[in-house]
2 protein chains.
Amino acid sequence: MVTRAMARAERRNRLSRERVLRAAVDQADAGGLDELTMRKLAEVLEVAPMALYRHVANKDDLVDAMIDAVFAEIDLPSADGDWRTAMHGRAISVRDALARHRWAIGLMESGTNPGPANLRHHDAVIGSLRAGGFDIANAAHAYSLLDSYIYGFALTKMNLPFEGSDEIADVAQEMLAPFPEGEYPHLMEILTEHVMLPGYDYGDEFEYGLDLILDGLERVRATA
Amino acid sequence: MVTRAMARAERRNRLSRERVLRAAVDQADAGGLDELTMRKLAEVLEVAPMALYRHVANKDDLVDAMIDAVFAEIDLPSADGDWRTAMHGRAISVRDALARHRWAIGLMESGTNPGPANLRHHDAVIGSLRAGGFDIANAAHAYSLLDSYIYGFALTKMNLPFEGSDEIADVAQEMLAPFPEGEYPHLMEILTEHVMLPGYDYGDEFEYGLDLILDGLERVRATA
DNA sequence: CGTTCGATGCGTACGTTGTACGCTTGTGGT
DNA sequence: ACCACAAGCGTACAACGTACGCATCGAACG
């Protein structure tokens, strides 16, 4: 009997791949990938460092599994219904997942060892495009374009040195402080007369670009 | 006199920030960021590890400087002439620089400690857009969209598990091997009937998406 | 109930990394 | 000829990933 044994294992604080994975993701969410060390992870789990290696081949294996766990959090686009709303929804879903797990940005597309959730996700995206009327070549184009934009946006947004609109002024000041005034006039202009205005949120740019891209893709699809 | 002293220093194999930087970039180009180690770097320069620290505050400082060196390699878009050709050219230039320095992808937009070349580059991009007729808000939109796409494309392309079109078949086979056949039909279709066709090069996707985005931006600019 | 055996956890140890600290050596200016 | 400062180095340490082999424990079986 497996269930009986597993249940007991669960009841006690038995280690398991799942527990290690969850703790690792939490760790990385909290402090970035740098804070994820096997030793600290073991400490959180109240276990000796080497105990982890019964459930994980090595750190790379762990990280691969973590990435697939993030993919599993992303809503799959449906193949029926409007392709455009499906793509829009999946873009938002990816963005949100990456916002929850900033450490994953830059690793998600790591071609090496794609996990099942990764493959299923991409399969569903292509399926949705094909069902929406894109031929193979255009589905490939759309897929590449959308993915590049989504991950690129996450990347640039992640690296922004400010979080809310309040801190922007301070950060901008500090960033430009070492340089002579008037050295970067256009940067200065866009900062003072756009970015620093109340109500600005860089996150809003995401849907703007997404819609522009989806408009372009619809045009391609219609004339194919 | 500074020049005299500097000249002598140059003539001999004196260490300098420039020399350290160049060697570090070479090292990273060759083997990725993981291969860039203060100790190996010192070895290449025929110097003791700690000697480096006279010219570099620490490894992070070194990496920041390396990133700015990459920015310095990128052609600045001109503010006069067609905005569209300027943007197209700078996109290609960024792509090429990132192809030469794959380790830099994912770090380029690191908001912390932007160097002068970085700021000058972004200032020129915004300047070119403004001169091309974009108002402030639309320049911000265009800037965000283009940057996201360019970096995102570099990111996804970098992580592709294959290099030329020859290896694709093998890699695809290996990647899908652990999973039941027919599990990912759309992925399979696009691989066998598009990606694996002779003449396919993922790099070609870049200009396709770029043109689609530029078309969209032109439409925005015209109706603003 | 006693034995056995595989799964799980752990202690120790090693090689590699970044880098703090203070000494040594060489060099340009006086 | 001297000196002061810059440049390079030797030693040392803490933190990391992880190889290797032993200890332990619970389930299954006789």
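Below, all heavy atoms of this structure are taken into account, side chains as well, without hydrogens, waters or symmetry copies.
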Give a yes or no on this: more than 12 heavy atoms of other residues, nucleotides or ligands lie within 6.0 Å of atom CD of A/E183. yes

[X] [atom1] to [N] [atom2]: how many Å, rounded?
X: B/R14; N: D/dC9; atom1: CZ; atom2: P; answer: 11 Å
X: B/Y53; N: D/dG8; atom1: OH; atom2: C1'; answer: 14 Å
X: A/D61; N: D/dG17; atom1: CG; atom2: P; answer: 14 Å
X: A/L15; N: C/dC10; atom1: CG; atom2: C1'; answer: 12 Å
X: B/E43; N: C/dT17; atom1: CD; atom2: P; answer: 10 Å
X: A/L33; N: D/dC16; atom1: CG; atom2: C1'; answer: 15 Å
X: B/L41; N: D/dC9; atom1: CG; atom2: P; answer: 13 Å
X: A/M38; N: C/dC14; atom1: CE; atom2: C1'; answer: 17 Å

Within residues 45-52 of chain B, the residues having a heavy atom closer than 4.0 Å to DNA chain D are B/V47, B/A48, B/M50, B/A51

Parallel, tilted or perpendicular for A/Y149 and A/F206, by the 30°/60° rule? parallel

Of the candidates C/dT8, C/dT17, D/dG17, the side chain of B/R39 sits closest to C/dT17

With the side chain defined as heavy atoms from C-beta on, B/N58 is closest, among C/dT19, D/dC16, C/dT17, to C/dT19

Quick one: do A/R90 and A/D147 make a salt bridge, cutoff under 4.0 Å? yes

key: Any B/H55 side-chain nitrogen or oxygen under 4.0 Å from OP1 or OP2 of D/dA6   = no

* Would a distance-only check, ignoring hydrogens and angles, find a side-chain to backbone donor-acceptor pair under 3.5 Å from A/D123 to B/H186? -> yes

B/T156 side chain vs B/F153 backbone, donor-acceptor pair below 3.5 Å
yes

Review point. Would a 4.5 Å heavy-atom cut-off, applied to side chains only, mark A/R100 and A/D29 as touching?
Key: no

*Is there a donor-acceptor contact under 3.5 Å linking the side chains of A/N118 and A/D68?*
no

Comparing nearest nucleotides in DNA chain C, the 5'-proximal residue of the pair B/D34, B/R54 is B/D34

